[in-house]
S.K.: 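The structure's right below; bear with me while I get my questions together.
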Amino acid sequence: MSTIRRKFGEDYQVVNTNRAMSFSAPAKRKRQRFVEKNGRCNVQHGNLGGETSRYISDLFTTLVDLKWRWNLLIFLLTYTVAWLIMASMWWIIAYIRGDLGHGHDESYTPCVANVHNFPSAFLFFIETEATIGYGYRYITEKCPEGIILFLFQSLLGSIVDAFLIGCMFIKMSQPKKRAETLMFSQDAVISQRDGKLCLMFRVGNLRNSHMVSAQIRCKLIKSRQTPEGEFLPLDQRELDVGFGTGADQLFLVSPLTICHEINSNSPFFDLSQRSLMNEQFEIVVILEGIVETTGMTCQARTSYTEDEVLWGHRFLPVMSLEEGFFRVDYSQFHNTFEVPTPPYSVKEQDEKSSLPSPGPVLSPTLPGDHSRRERIFSLDGVPHTDESMSRLPSKFQRMSSKNGKEVLKTGSSQAPEKASSTGDLPLRVLGSLVGQADVENHLQLKLLKLGSEAHTQSAGELEHHRLIPIPAPVPGPSLNPLPASSARPEDNLPPKLRRMNADH
């Protein structure tokens, strides 16, 4: 461990690699696996009925799939039976022709020379079949039936040789044993990588020969019930290990850690550390590739049950840099160490992060703080009413500062008017009022209303608007409409307002 810490730093300090000590989950009864750790599928087919004949129709594949002891037995029995049958046929021909009683008569021409009994007939067949040809036993031209049997023997022997030797060759060259040198980690782990919760396991290649076009796939085996009430035993669901990004295509020259990101599309979206103890599932890992030396496709398999998934663990590094090469330490291949990992599922984390944050508390306005006009009508990006009032004549500014409080009271009792731009502020005068004090109050009310709605126009418009004066007030308790006969609205203003307008 000290060597690993020197090479990779204190971040890779082993906390505990013993799963029995690091997990406080209660001991669970070992359940039946769908795929064994060595890749063998734990499934048996029964009650085939009349479907057994399908195995005979594909006899070559049936023989290749048989175990080695059955293959050797069939190989020996086939050749032994064929040799005995063919030797018997040669003995029958010699018996029918009467060659067995003229074995030492040199004037007699038999079908097969020097065949006097069954052992000699068997030796003749073996010498012919194996093309040994000792020269002591041979077919003569006086035996046409022996010539026909010789042709049949040659054809049958070639067929039997091709069938049985082909089966044995395919059986021996199968890449199943190549999968023995492909390693999978004993456990899978769940921890964070790049800020995301991921399910990870490790694969490795013990040989120097590469696996060409290596590809990995993962299946989740878990029984479930559909919303319609249908029960699906051992339902298979694909786990994304990088199909869209190409991460499932492996360059397997050194051990690699395969990562499945747990997100909203993952079957483990609602899996937490607590729920993992009560789950029942199995993850089947399939690694496929082409053997570089033979060019045949190889497949290695393994599986992880829920007991073999460690929450909050990470694999120890196995790569180290030596002089001129990289070294892989397979003694640390299966070891893990604990890392800080949230015990919540990704679904719970997303729900917590999506909760709205509490907004700012609005405090009521008090009369002793700043100017009321700033507190009520100030808007971002729009000049305050005081800035608009700074463009008024000095007389209007004094009137505004003197009667500010009365203006607010008057403004609360007046009906709202149509909004206009602050460019009208210097010269806009309200309609006819009663008395000079009412003119001043209503003018301040209009200025405050216009300041609150000045954000509807740009600053350039504020500088180019012109005044449309309002006619002079008519005595009385109510407002009068503008006179239609006035040529210029300014002529209807009181003399004092006309002088102020001219000064501005």
Side-chain angles (χ1 to χ4, degrees), residues 3-4 7-8 12 17 34-41 172-191 193-194 196 198-221 236 238-262 266 282-305 308-310 313-337:
T3 305
I4 295 177
K7 292 178 180 178
F8 299 97
Y12 292 97
T17 59
F34 186 69
V35 177
E36 300 292 342
K37 294 295 287 185
N38 59 3
R40 185 180 66 87
C41 297
M172 289 185 295
S173 62
Q174 274 187 323
K176 289 184 178 180
K177 294 301 180 182
R178 178 65 176 89
E180 298 293 335
T181 54
L182 296 175
M183 292 182 60
F184 296 92
S185 59
Q186 293 179 355
D187 301 311
V189 298
I190 294 180
S191 60
R193 172 179 283 190
D194 297 330
K196 300 176 182 178
C198 298
L199 170 71
M200 294 174 285
F201 57 90
R202 181 181 275 174
V203 297
N205 182 15
L206 297 180
R207 290 188 180 272
N208 292 328
S209 59
H210 299 169
M211 292 291 294
V212 182
S213 301
Q215 183 179 12
I216 195 163
R217 296 183 291 119
C218 292
K219 294 283 188 179
L220 175 65
I221 310 297
Q236 300 184 15
E238 196 78 16
L239 293 181
D240 186 6
V241 289
F243 305 130
T245 60
D248 60 327
Q249 305 291 331
L250 307 181
F251 182 53
L252 197 58
V253 295
S254 63
L256 298 176
T257 301
I258 309 303
C259 178
H260 164 68
E261 179 184 342
I262 302 178
S266 173
E282 187 171 346
I283 302 171
V284 179
V285 181
I286 305 172
L287 175 62
E288 294 178 331
I290 300 174
V291 182
E292 187 180 31
T293 54
T294 62
M296 302 183 70
T297 303
C298 173
Q299 184 181 96
R301 296 181 296 268
T302 191
S303 68
Y304 301 99
T305 59
E308 298 168 343
V309 178
L310 308 182
H313 281 241
R314 189 180 299 166
F315 288 105
L316 278 174
V318 296
M319 293 287 295
S320 61
L321 178 60
E322 305 293 341
E323 293 185 2
F325 62 93
F326 293 93
R327 184 180 182 84
V328 180
D329 182 12
Y330 278 99
S331 64
Q332 304 293 335
F333 185 83
H334 301 286
N335 291 345
T336 63
F337 64 99

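Any value given below was found using the heavy atoms of this structure, including those in side chains, with hydrogens, waters and symmetry copies removed. By convention here, the first residue in the shown sequence is residue 1. These numbers were taken from a predicted model, which means no experiment stands behind them.
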S.K.: Can you find a side-chain donor-acceptor pair between Glu282 and Thr305 that sits under 3.5 Å?
M.R.: no

S.K.: Is Arg202 positioned over the aromatic face of Phe184, cation under 6.0 angstrom from the ring centre and no more than 45 degrees off axis?
M.R.: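 The answer is no, since Arg202 fails at least one limit relative to Phe184.
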
S.K.: Please report the interatomic distance CG(Leu316) to CD(Gln332), rounded to the nearest 0.5 Å.
M.R.: 5.5 Å

S.K.: First locate atom CZ of Arg193, then atom CG of Leu199, and finally report the distance between them rounded to the nearest 0.5 Å.
M.R.: 11.0 Å

S.K.: When the side chains of residues 209-217 are checked against the rest of the protein, which donor-acceptor pairs come out under 3.5 Å, sequence neighbours left out?
M.R.:
{"from": "Gln215", "atom 1": "NE2", "to": "Asp248", "atom 2": "OD2", "distance (Å)": "3.2"}

S.K.: Quick check for you: to the nearest 0.5 Å, what is the distance between Ser191 atom OG and His313 atom NE2?
M.R.: 9.5 Å

S.K.: CD/Gln236 to CZ/Phe34 distance, rounded to the nearest 0.5 angstrom?
M.R.: 5.5 Å

S.K.: When rounded to the nearest 0.5 angstrom, what distance separates NE2 in His260 from CG in Leu239?
M.R.: 5.0 Å

S.K.: Testing Thr336, Asn335, Asp187 for side-chain contact (heavy atoms from CB on, under 4.5 Å) with Phe315, which one passes?
M.R.: Thr336

S.K.: Among Asn205, Thr293, Thr297, find the residue that satisfies the side-chain hydrogen bond (donor to acceptor under 3.5 Å, both in side chains) test when tested with Arg178.
M.R.: Asn205

S.K.: Just checking Lys37: does its NZ atom have more than 12 heavy atoms from other residues, nucleotides or ligands closer to it than 6.0 angstrom?
M.R.: yes

S.K.: Rounded to the nearest 0.5 Å, how far does SG of Cys298 lie from CD of Glu292?
M.R.: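 Here the rounded value is 13.0 Å.
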
S.K.: Taking side chain to side chain contact (heavy atoms under 4.5 Å, CB included) as the definition, give me every residue that meets it alongside Lys176, ordered by chain and number, with sequence neighbours left out.
M.R.: Gln174

